[in-house]
Amino acid sequence: TAEQKPPAAGDVLVYAGGTNKDQPIKVADLKADGLMVKAWPKGEVLKDKNDNNLLILFRYADGVLKEPAKVEDTVQGVIVYGGICQHLGCQVNQKDDGTLLCPCHSGAYDPRAGGEVIGGPPPRPLAQLPVEEKDGVLVVKEYYVRPRYGESVADWQTNRA
Ligand code: FES
């Protein structure tokens with residue numbers, strides 16, 4: 001169904017929880033504290049009926065993001081990823097030191113560095129989702145820079161085209 005389709009260019013990012021749940025995420029409202037915020041993509045409908053669509057985003061102060069993060073696909077220090085672990089599909093959590101830890105088999109990622117794997121079994125980095133700002137709101141610019149969890153290279157190429 002439409003609610004299960006993957007994120008696509010032009011989708012608006014909305015808060016997945018909290019007092020602003022379902023509201024579009026304004027870049028100016030995000031603190032540059034590097035803390036994880038959860039979101040869903042919203043096209044004509046909210047795409048929250050597919051757990052794999054969960055997005056996580058972080059806003060960093062200038063100069064914190066580093067290679068291999070694709071800085072050209074971020075907005076004012078805001079970087080977005082698919083929030084599902086690339087190993088076997090659990091949701092990642094954030095530790096006090098800002099890194100991400102998967103509760104299932106201790107996969108670890110660095111969200112400052114493009115979602116690079118820094119521990120455990122994940123076979124590839126988290127999938128960064130390119131974003132841009134439109135009317136002050138975070139919007140998907142194009143499909144993930146690499147396959148997300150459970151996605152074949154062929155499907156990724158189709159979605160990216
Ligand atoms: Fe995340 Fe296994 S599912 S480390």
Side-chain angles (χ1 to χ4, degrees), residues 1-9 11-18 20-22 25 30-43 45-60 64-75 77-131 138 140-160:
T1 68
E3 290 96 338
Q4 294 172 315
K5 289 213 173 113
D11 285 0
V12 168
L13 269 62
V14 304
Y15 289 98
N20 293 325
K21 187 172 166 13
D22 298 342
I25 300 176
L30 296 169
K31 290 198 198 94
D33 56 8
L35 292 182
M36 183 165 80
V37 174
K38 293 183 181 180
W40 295 113
K42 184 178 184 183
V45 296
L46 185 63
K47 297 173 172 174
D48 65 345
K49 297 290 182 282
N50 177 350
D51 290 346
N52 209 9
N53 284 349
L54 184 73
L55 303 173
I56 53 175
L57 59 100
F58 309 82
R59 186 174 193 186
Y60 294 105
V64 175
L65 283 170
K66 56 189 179 192
E67 292 278 310
K70 295 193 187 304
V71 175
E72 66 275 21
D73 291 331
T74 65
V75 175
V78 179
I79 189 162
V80 182
Y81 300 98
I84 301 301
C85 181
Q86 293 275 28
H87 180 222
L88 293 174
C90 296
Q91 281 187 26
V92 299
N93 299 315
Q94 190 170 35
K95 295 201 322 181
D96 287 345
D97 67 1
T99 63
L100 304 177
L101 183 65
C102 177
C104 292
H105 317 95
S106 301
Y109 302 92
D110 186 353
R112 289 159 293 218
E116 200 168 54
V117 178
I118 51 174
R124 57 184 184 236
L126 288 177
Q128 186 182 338
L129 186 67
V131 287
L138 273 180
V140 178
K141 183 167 124 188
E142 54 190 24
Y143 198 63
Y144 297 99
V145 304
R146 63 173 53 83
R148 64 178 184 172
Y149 167 67
E151 187 173 47
S152 68
V153 171
D155 284 350
W156 171 69
Q157 283 169 337
T158 302
N159 284 324
R160 179 111 173 135

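If you read the sequence from its start, that first residue is 1, and numbering goes on from there. Atoms within a ligand are numbered from 1 in the order they appear, just like the ligands themselves.
Each of Lys47, Lys5, Lys42 was compared with Asp11 under the salt bridge (charged side-chain N to carboxylate O under 4.0 Å, His left out) criterion, and only Lys47 meets it. When the options Asn50, Leu54, Leu55, Leu13 are evaluated for a side chain to side chain contact (heavy atoms under 4.5 Å, CB included) with Trp40, the one that passes is Leu54.
Legend: protein N/O/S atoms lying under 2.8 Å from atom 2 (Fe) of ligand 1, waters omitted, number 2.
Between the side chains of Asn159 and Glu151, a donor-acceptor pair is found at a separation under 3.5 Å.
Between the CG atom in Leu129 and the CZ atom in Arg148 there is a gap of 9.5 Å [rounded to 0.5 Å].
Counting non-hydrogen atoms of other residues, nucleotides and ligands closer than 6.0 Å to NZ of Lys70 gives a total of 12 or fewer.
Taken together, the cysteine pair Cys85 and Cys90 keeps its SG atoms at least 2.5 Å away from each other.
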